[in-house]
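Input: a single structure, listed below in structure tokens.
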Amino acid sequence: MTEPARKSMEISDEVAIQISTMNKWYGTFHVLRDINLTVYRGERIVICGPSGSGKSTLIRCINRLEEHQAGTIMVDGTELSSDLKNIDKIRSEVGMVFQHFNLFPHLTILENLTLAPIWVRKTPKKEAEEVAMHYLNKVKIPEQALKYPGQLSGGQQQRVAIARSLCMKPRIMLFDEPTSALDPEMIKEVLDTMIELAEEGMTMLCVTHEMGFAQAVANRVIFMDQGQIVEQNEPKEFFNNPQSDRTKLFLSQILGH
Amino acid sequence: MADIAASLTYVRDTMIPQAAPPTREAGLVKWVRENLFSSWLNVILTALAIFVVYKIFWGVYPWLSNSIWNAGSLTECREILAVNGVDPKEGGACFAVIRDRWVQFIFGFYPSELYWRPILAFALFFVALGPVLFPNMSRKMLAFTAIYPFLAVWLIWGGAFWSPLLVLAGFAIGYVAFIYGTRLGGPALGVIGGVAVALIWWLVLTPLIGEGLNRAVGSARLDSAITTLTDRTAALAPEMAAIEAQMEALEAQIEQEVAVKDLLVAGAAAQIETLISAVVLPWIRTAVAASIDALTGLRAQNNDLAIALFQTQKESTEVRTLLSSITALPDLETNLPDLQMSAAELRAELPAAVAEFTTLDAATAATSEEKAALRTTLTAEAAAISAEKTIRLTYAAVGRIGLKPVESSEIGGFMLAFIIGVSGITLSLPLGILLALGRQSHLFIIQKVCVGFIEIIRGVPLIVWLFTAQLLLNYFLPKGTNFDLMLRVIIMVTLFSSAYIAEVVRGGLAALPKGQLEAADAMGLNYWQAMQLIVLPQALKISIPGIVNSFIGLFKDTTLVTFIGMYDPIGLVATTRASTEWNGVYWELYIFVGLLFFAFCFSMGRYSLHLERKLRRENR
Amino acid sequence: MSVLTDPPKPSFRLSQLLYDTRYRSLTIQVFALLLIVALIAFLVLNVITNLHQIGKDIDFGFLGVRAGYDINQMLIPYDSSMTHGRAALVGICNTLLVAAMGCVTATVIGVLAGVLRLSKNKIVAFLMSVYVESFRNVPLVLWILLVYAVLTESTPQPRDFVEGGTASMWFLDTIAVTNRGVFVPMPVFGSGALVLLGVFVASLIGIFGFRSYAKGLQQNTGRILPVFWVSVGLLLLPVIATYLVMSNFWVGATLTLVNLVTLAILILVFQVVRQKLGSAGWATLVAAIAAYAAAHLWAGGVAPVLTGAAAFAGLPTTGSGFGILGSWLVDIAGNLRGWFGALSPRYPFITGIDLGIGKLIQGVLQTVPISNASLIDPANWTPPVTFSIPALGGFNFDGGLQVRNSLIALWLALSLYTGAFIAEGVRAGILAISKGQSEAAFALGLRPGRTMSLVILPQALRVIIPPLISQYLNLTKNSSLAIAVSYMDVRATLGGITINQTGRELEGILLLGGFYLFVSIVISVGMNAYNRSKILKER
């Protein structure tokens, strides 16, 4: 990572996401409890926690892949309710990258990238393809444009998935464990792409266990357990001086070796 | 920026306990809202579904709740319904027909005194199936599974106890030949030798030995047979007379009871019309019910007697025929060589134009003399054959140590469906596996032949194959071979389902990673070893659900035999509907037959689903 | 560097045939070939000797011989003086007819049931699984026989349809279900039917053109046109308009206009209620009530007032002007009630648009200026399409089209049975698409409808279509169960009566098998081509 890039990682005091006392249940199981979270534009937040702590559910609520049952979520000043128009608006401004890539296997890489711009943003095909190629260049696999997802390696597929989200020019990006389905040698290429993205000032929420990534890029680390936010702090403080016992226990487990 | 980040520092001091979701998010309300009324489309669907359920329920429930289980005919059923004051629009089911006929639906026309034999065979079927379904059972049970088919055939069709043993012996002899052949000239010679020896044993030696045994036992028993048969003939006549007398008395009683019932029914009708029903009608209803009960009892007795009479009559004819054959036996035996000789001579002297014909119809173009000559020849040949047959059958009847034989045409109902289904699937399994291996083979000719066979079989409907079995199979076999229709059907069904099994197994083979075969090759296993030890055990395990599914298909397809004149459950529905008593009944019969098929196929389907899930769990 | 010499040529030994990999497979194949040839020779020789001994030969000449039997349903002209070959052809047509009808309905039923079985609505899902399981687990023959028994035993006889009889016809007296079959209206084509056909073809071309235009527009500018609705409109409106103009302009136009206006109002009501209450369920309910009220308003209020006004003004109540309008409004009200007839079962769910029109045409035509009226002789004018409606004459129905119970039973049972299997295929196809696919599409901002058509369906179809086609194949083969209800398919003509009459079992069954084999090969070739074109590319 080059030093000059760092200075572009500005955080403004404009609020990007505002979540207040949000609750969610699966049946009678209380998955998310009184979540309060404000994300400012330009922030790069890493969310970590033991499995089942509700991290993925939290970010999936932000673009309504999961429905919350109490409290409010505001994204860019739009409230997330059952109103389809708001959902559409938010979804086209929030990009998401999944653990298992979820590329469309029946479409070529290029078609995967242009699908949403053409049908949601109503971009002319040529223009959409130009944008797609731009982002494919950015994730360094323009030569794969005409192949199908099944023909690519895991790392390449995940980079395509990131490019696919970027094609919609989102203002916020959500990452749901983007590297945990990857082979170790492929993790780096995906993380590099994400770091580059962060350096350009993208607001990012990232569920991950890549603590190196957290220390290098994040401006805030959130630790969740039992469906609630237990601790949040700057990465340096968080890792060196954890406050809560749960955090200490978790950190000792994942950094144990 | 730093101040923002700093202001966001947060540490939770108390954990929030798990809370219950708000009421509109839990319980019945939520369930109903989410499942039934989540969108306008869903609302419409719910309304429609409830409407359908309501319609079906109110269509079916009164019909079922008014059902009659006790009546002698459809007319009686309707009389009872009328007496009970059932609204004719609702109607009522007449399940009495099932009560009357269910035994026939299970066994067909199988002799009722021998029902224990198919029942035993059916019970043993599960014993034999055990080691196949549960591989951790003792290996010794597999021996029983191997013997079971022969035992079952013997139990169901009857005959001398040595016939299944002789067939079984063919396998043993073939195996011995295989071992010696392998020792002498390698596995190729072993296989060819084994198959050849077994075929010779079955096709040539088995009939000879069987007949020899019949003859040996038969000659020894001839004298004692004559005395017992004569005694039996004497005893049968009074027995029949007694039964007939009893029946006559019963029939008079039934007539009386019917008159009583008719009177009551007419009375009830009058009461319903005049509407003075409050007191009298209930009394009439009980009286009709009692009368019908009495009638059913009487009819059951009468039926038993009729069966007994039929059996004694049948026995009497059999005994007399056998007795006359035994008396004629010495003459027949001395004349037989002459008869055969003269038939052969006549055939040799026939004019060339008709020399090979076996029916008169064939000789359309022949002159009248040629026709006359052919006619004499055919008569002589028929006489020789019939004499030979009488001798053979007489010895078989006298010399049989074993079970009373039953004709295939007497087997029907679900028993028939089950026999055809089970034998079809068991026999088609090995054939299907071979076809699947052939289809995957690299040997060009073998692969093409297997593909051709599978595609031709699958491309033509089963009904056409059954007609082939009925009309054409005899053309393809040497002159004189005449299979029983049921055997022909089983052969055809086996060939048919083997093509389907082959496709299922091929799927299993294709699902196996290529590395498996490569590893087997690397270990130095030959083709058959690799298949037997590595590939097939895995491929078959994957294919079991598919095999079970093709079995369900086959079991359902057995109903098609009704179109070539066999009495499977569907054929029996037609017979029942054609009878005077039950003409006009259909829902009840189809529901009964349908439910039995459903129970069997559905449980098999669930079993296959269970296996599939288990496999998926294991492979994860 | 030494020169390599050729290795000494090994001498060929006989055992190499078996133990040398170069020869071994060849040996095995030659041996197998010999066995197979021997087997075939054995069978063929047996056939030849057996046939010879009973004085037969193999001869397909019987196809050219006079058949001498009647067939009760035919799509191509046939009578008993024609040949066995022709009879076989009639049978083939009947087989293909029932197979084609079955495939269409089975697909509709199967797709519906498959999708509904996955519905979140538990009652519907349960009903659908009951349907699927009960048809999959009970033999097809039983279903065919049951449907046939119901049709022949519990339907009324034609003579019950007399005035005051126990039975009545359905759908405005146009369809009669009897124990001799179902009598339905038969279209009879009159003047200008070709024009109507031409318009229909033109609208198909128009739809095609519009679609490619819309695609081009989207590629160039990104604008998305409502392709579906425009297509539906293009398909229906020109044909309806032409039909109305050619039948009678004013009557048709008024009718259409009033119906459309009412429909528009209802849609408006629906939208408004949904906006206000935010609940689609309530909106549906309110709209339905409004529709019902509107129907009654038209019938009970406006129409009689108009008719009355016309009578008061001394205008003729039939013939022209207000009177016609009034009488037609009554009909319109009937139509509307028909549209929402689900609420009130007394009004059947069908519009009578074209049924009454014919009667008025003759009189009105002369008063209405039609641009090309001078080209047509008004006296001989008939509407482009009329329907021959079955009517009771004596003890049976005249007119209309008699669809025999055998065909209906076979068709219904085949479609329901195959539909159950197709439903399973559809369900499996949809389930095969992982949840992640729709989540990814949602996350990109695609609406559920687009997600379905752009992401889920293209993937599900490639799972669904191969088993679907093999179900079509099964249906075609199962149509041979026509034997259960004596439907005259190819098995009944060529493989039944012809065989019995000519004694040519071998030839007849060979031809019959050949026909089915041909059909299945055609279908599987098509399927393989489809599969090859749709294989997913993987590493």
Side-chain angles (χ1 to χ4, degrees), chain A residues 60 62-66 81-84 87-108 111-129 146-154 156-157 161 164-165 167-168 170 174 176, chain C residues 120 212 214-228 271 274-281 429 432-465 530-531 533-539:
Chain A
R60 287 160 62 89
I62 294 173
N63 67 352
R64 194 81 171 180
L65 287 178
E66 304 280 354
S81 65
S82 56
D83 190 332
L84 264 180
I87 297 179
D88 283 349
K89 182 156 177 276
I90 289 168
R91 279 183 178 165
S92 58
E93 279 175 19
V94 179
M96 176 143 186
V97 176
F98 298 88
Q99 182 180 0
H100 296 288
F101 333 137
N102 292 350
L103 293 179
F104 306 131
H106 62 303
L107 303 177
T108 61
E111 285 167 340
N112 262 286
L113 263 62
T114 55
L115 184 81
I118 288 179
W119 290 97
V120 179
R121 287 253 189 267
K122 304 190 171 50
T123 322
K125 193 173 175 193
K126 213 172 209 171
E127 207 175 292
E129 282 175 355
L146 296 177
K147 287 194 181 165
Y148 284 87
Q151 295 167 301
L152 267 56
S153 75
Q156 288 173 325
Q157 288 195 38
R164 180 173 74 175
S165 300
C167 281
M168 290 293 284
L174 308 174
D176 187 0
Chain C
K120 269 171 83 183
S212 62
K215 198 175 173 194
L217 189 73
Q218 184 184 5
Q219 291 203 347
N220 294 330
T221 69
R223 246 186 85 203
I224 301 175
L225 295 175
V227 175
F228 177 77
Q271 288 293 352
R274 202 180 71 163
Q275 294 272 323
K276 293 274 177 226
L277 292 181
S279 151
I433 310 306
S434 74
K435 211 178 154 211
Q437 290 290 308
S438 49
E439 280 181 353
F442 288 156
L444 287 169
L446 289 172
R447 280 280 190 89
R450 288 258 154 74
T451 304
M452 199 39 133
S453 65
L454 295 174
V455 176
I456 306 296
L457 269 188
Q459 295 184 59
L461 278 184
R462 81 178 74 216
V463 187
I464 292 170
I465 285 185
Y530 174 84
N531 281 346
S533 72
K534 292 287 177 183
I535 287 175
L536 275 186
K537 296 234 170 55
E538 283 186 31
R539 286 222 286 182

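Any value given below was found using the heavy atoms of this structure, including those in side chains, with hydrogens, waters and symmetry copies removed. A note on names: the letters A, B, ... follow the listed sequences, proteins ahead of strands, and every chain is numbered from 1.
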* Structure fact -> Nearest heavy-atom approach of C:L444 to A:M168 is O-CE, 3.3 Å
* Asked: So which part of A:F104 gets closer than 4.5 Å to some heavy atom of chain C, the side chain, the backbone, both or neither?
  -> both
* Structure fact -> Interface check, chain C: of A:N63, A:T123, A:L174, most non-hydrogen pairs under 4.5 Å belong to A:T123
* To do: Search all heavy atoms of C:G445 against all heavy atoms of A:D88 and return the closest pair with its distance.
  => O-OD1, 4.5 Å
* For A:L65, is it the side chain, the backbone, both, or neither that has a heavy atom closer than 4.5 Å to a heavy atom of chain C? -> side chain
* **Proximity breakdown for A:I87 and chain C, heavy-atom pairs closer than 4.5 Å** => neither
* To do: Kindly give the heavy-atom pair with the smallest separation between A:W119 and C:L446, and that separation in Å.
  => CB-CD2, 3.8 Å
* **Proximity breakdown for A:R64 and chain C, heavy-atom pairs closer than 4.5 Å** => neither
* To do: Determine the minimum heavy-atom distance between C:Q218 and A:I118, stating which atoms define it.
  => NE2-CG2, 3.0 Å
* Structure fact -> Here the gap from C:Q437 atom CD to A:H106 atom NE2, rounded to the nearest 0.5 Å, amounts to 7.5 Å
* **Taking every non-hydrogen atom, the tightest pair across C:F442 and A:R91** => O-CD, 2.9 Å
